[in-house]
Amino acid sequence: MTDMSELLNKPLIKPANPNFSSGPCSKRPHYDVSQLDVSTLGRSHRAPIGKLALGRACSETAELLGLPDGYRVGVVPASDTGAVEMAMWSLLGARGVDVLAWESFGAGWVTDITKQLKLDNVRHLSADYGAIPDLSTVDFANDVVFTWNGTTSGVKVPNGDWIADDREGLTICDATSAVFAMEMPWEKLDVITYSWQKVLGGEGAHGMLILSPRAVERLESYNPPWPMPKIFRLTKGGKLMEGIFRGETINTPSMLCVADYLDALAWVRELGGVSATIAKSQANLQVVKSFVDDHDWIDFLAQDSALCSNTSVCLTLSISQEQVKAIVKLLDTEGVAYDIGSYRDAPSGLRIWCGATVEEQDLQELMPWLAWAYHTVVNA
Ligand SMILES: Cc1ncc(COP(=O)(O)O)c(C=O)c1O
């Protein structure tokens, strides 16, 4: 539907918060940096006060996410990438690997596995932007590496039903734009990673590494043949370094980022827990969905609604790449939406973050601007 009033009438109301980036994502509503508990700053992270804060980052995460007994949560270096690579370098090589990739970040893990670790017993299951590989073909005798939500294509796995309960291999899941926004079947996942700057609107710096008892078992029984940088080492003398999962980080973390993460967790609790952040994100997606349903020039990149991400919502437009860029620029100049161009390796389009730190009202106010910008650009 092309409604000319959308061209003629420049919307009057702008989103109060124009931050729709897919990472770092918007800070939570009413975020105030001056309210952070910074009593740990300027102190050793190994002092009781620092260890307590880091320990809380682990224990409160486990509690809020409802992790099964025996799952460990650790704060590790180098954001989500650090957590994924640490897991792959520590665990892979013991058996074959199925690695699934349907966008840029998954493709990065394929490169790590085939070109850096140089594993040869590898099956690469791939799909183009907008789709996912055939999940029924995954071999759970192998270790399985996959991304829960492909941030650059806006395509997620539909659920965990395809993951075998009696798997022999481990499932290693990069879930950085899914944890706290999507239902996660923890029992089906042996390694889960995420970062603070996505769904929680925290600060980029550290990764979260969650390990199932089976992952720990592998760590304690398998010694990879390659050198292991100190930053990746999870075991000592063949035993898991349990301290890492109580806040005794491998090296020095940013205690300011830790304070910010604890603040984000408190916000999740206040909101009603993970079910509330999931519901908020889904309601946000519905705003975009209604708009897409009403306009024939815009569509989701995800080909199947069951696979459509409710965090990194990727949209394709039936216009040229230059015109899409002009829309992104126009909305930025108007102070209506920042950083909503698609990821550099992804097909041309828009990517609008719909995680829980984004307010539904702001998305509602953004939609008329999208229509206005579209008509302004195509009629220029
Ligand atoms: C699915 C996925 N994996 C990995 C990364 C890299 O995360 P980080 O920058 O936290 O290392 C991102 C970042 O957007 C991502 O979306």
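Counting starts at 1 for both ligands and their atoms, following the listed order.
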Using a distance-only test with no angle check, is there a side-chain donor-acceptor pair under 3.5 angstrom linking Ser26 and Thr357?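 Side chains of Ser26 and Thr357: no pair found under 3.5 Å.
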With no hydrogens and no angle check, just 3.5 Å: does a side-chain donor-acceptor pair link Gln361 and Glu365?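 Side-chain D/A pair, Gln361 to Glu365: present.
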Partners of Ser212 by side-chain hydrogen bond (donor to acceptor under 3.5 Å, both in side chains), sequence neighbours excluded?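 Applying side-chain hydrogen bond (donor to acceptor under 3.5 Å, both in side chains) to Ser212 gives Asp190.
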With sequence neighbours left out, what residues match Tyr31 under side-chain hydrogen bond (donor to acceptor under 3.5 Å, both in side chains)?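 Asp260.
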Near ligand 1, which protein residues have a heavy atom under 4.0 Å away?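 Lining ligand 1 at under 4.0 Å, by heavy atoms, one finds Ser79, Asp80, Thr81, Phe105, Trp109, Thr147, Asn149, Thr151, Asp174, Thr176, Ser195, Gln197, Lys198.
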Could you pull out all residues at least two apart from Asp345 that satisfy side-chain contact (heavy atoms from CB on, under 4.5 Å)?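 Result, side-chain contact (heavy atoms from CB on, under 4.5 Å) vs Asp345: Ser104, Tyr129, Tyr343.
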Trace of the salt bridge (Lys or Arg N to Asp or Glu O under 4.0 Å) decision for Lys236 with Glu242: CA-CA 10 Å; Lys236 193 171 181 187; Glu242 293 278 3; over 6 Å; no
